Novice: 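Next up is a structure, given as structure tokens.
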Amino acid sequence: MEKYIQIETTFEKHEEALKLAKLLLDAKLVADGQITEIRSAFNWEGKFYDRAEWLLLSKTRADLYLECEAFIKHHHSFKVPQIVAIELVGGSLDYFNWIDESVKHNGENKWQT
């Protein structure tokens, strides 16, 4: 069985999260995108921030991670966006089959800038 991951990245605005979700889906890099509002606290360039952000959770195959990372960096408005992947260690085989059907396969064209 293939390995599957969930990629997490955050945005300042809901519209940005939705736009990137659609771009990732159109490029067949991810099978889905779930967007939820969160509260983030962090230090950035010497300042403390406590603010609402939007978290995009996307599922894909692990072999597509590096391409997803490059794609997110290319389209993200943050200088250093949060991009983390969590391996999905279990789940419905029907769901994982759907992921396989939804994302690109070896030999398909990569996204264009």
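The structure presented is a predicted model; accordingly, all values stated were derived computationally and were not measured.
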Novice: Anything under 3.5 Å between a donor and an acceptor, one on a side chain of residues 9-21, the other on a protein residue two or more places apart or in another chain? List them.
Specialist:
residue : atom : partner : partner atom : Å
T9      : OG1  : Q82     : O            : 2.6
E16     : OE1  : K13     : N            : 3.2
E16     : OE2  : S77     : OG           : 2.7

Novice: Run through the side-chain heavy atoms of Ile, Leu, Val, Met, Phe, Trp and Tyr, join any pair under 4.5 Å, and report what else lands in V84's cluster.
Specialist: none
Novice: Can you name the residues that form a side-chain contact (heavy atoms from CB on, under 4.5 Å) with A31, not counting sequence neighbours?
Specialist: W98, I99, S102, V103
Novice: Set out, in order, the CA-CA distance, both residues' side-chain angles and the distance that settles salt bridge (Lys or Arg N to Asp or Glu O under 4.0 Å) for E53 and R51, then state yes or no.
Specialist: CA-CA 6 Å; E53 288 190 321; R51 68 178 187 202; 3.1 Å; yes
Novice: Starting from W44, walk the hydrophobic network (Ile, Leu, Val, Met, Phe, Trp, Tyr; side-chain heavy atoms closer than 4.5 Å) and list everyone else you reach, by chain and number.
Specialist: F42, Y49, V80
Novice: Contact between L23 and L25 at the side-chain level, heavy atoms closer than 4.5 Å - yes or no?
Specialist: no
Novice: When Ile, Leu, Val, Met, Phe, Trp and Tyr are grouped by side-chain heavy atoms lying under 4.5 Å apart, directly or through other members, which residues fall in the same group as F78?
Specialist: none
Novice: So which atom in R39 and which in A52 form the shortest heavy-atom distance, rounded to 0.1 Å?
Specialist: NH1-N, 3.5 Å
Novice: Less than 4.5 Å apart, side chain to side chain, heavy atoms only: is that true for H105 and R61?
Specialist: yes
Novice: Linking I/L/V/M/F/W/Y whenever their side-chain heavy atoms sit closer than 4.5 Å, directly or via other members, would L56 and I38 fall into one cluster?
Specialist: no
Novice: Do the side chains of K79 and K73 get nearer than 4.5 Å, heavy atoms only?
Specialist: no
Novice: Are the side chains of L57 and I35 in touch, meaning some heavy atoms are under 4.5 Å apart?
Specialist: no
Novice: A side-chain contact here means heavy atoms from C-beta on lying under 4.5 Å apart; do L29 and T60 qualify?
Specialist: no
Novice: For the atom pair OG (S58) and CD1 (I5), what is the distance rounded to the nearest 0.5 Å?
Specialist: 9.5 Å
Novice: Are V30 and F71 side-chain neighbours, meaning at least one heavy-atom pair lies under 4.5 Å?
Specialist: no
Novice: Decide yes or no for E8 and Q6: does some side-chain heavy atom of the first lie under 4.5 Å from some side-chain heavy atom of the second?
Specialist: yes
Novice: Report the C-alpha separation of Y4 and L64 in whole Å, then their side-chain angles, then the decisive distance to 0.1 Å, and conclude whether the side chain to side chain contact (heavy atoms under 4.5 Å, CB included) test is met.
Specialist: CA-CA 9 Å; Y4 301 91; L64 292 173; over 6 Å; no
Novice: What residue pairs, at least two apart or across chains, pass side chain to side chain donor-acceptor pair (under 3.5 Å) with a residue in residues 24-36?
Specialist: K22-D26, D32-Y95, Q34-K59
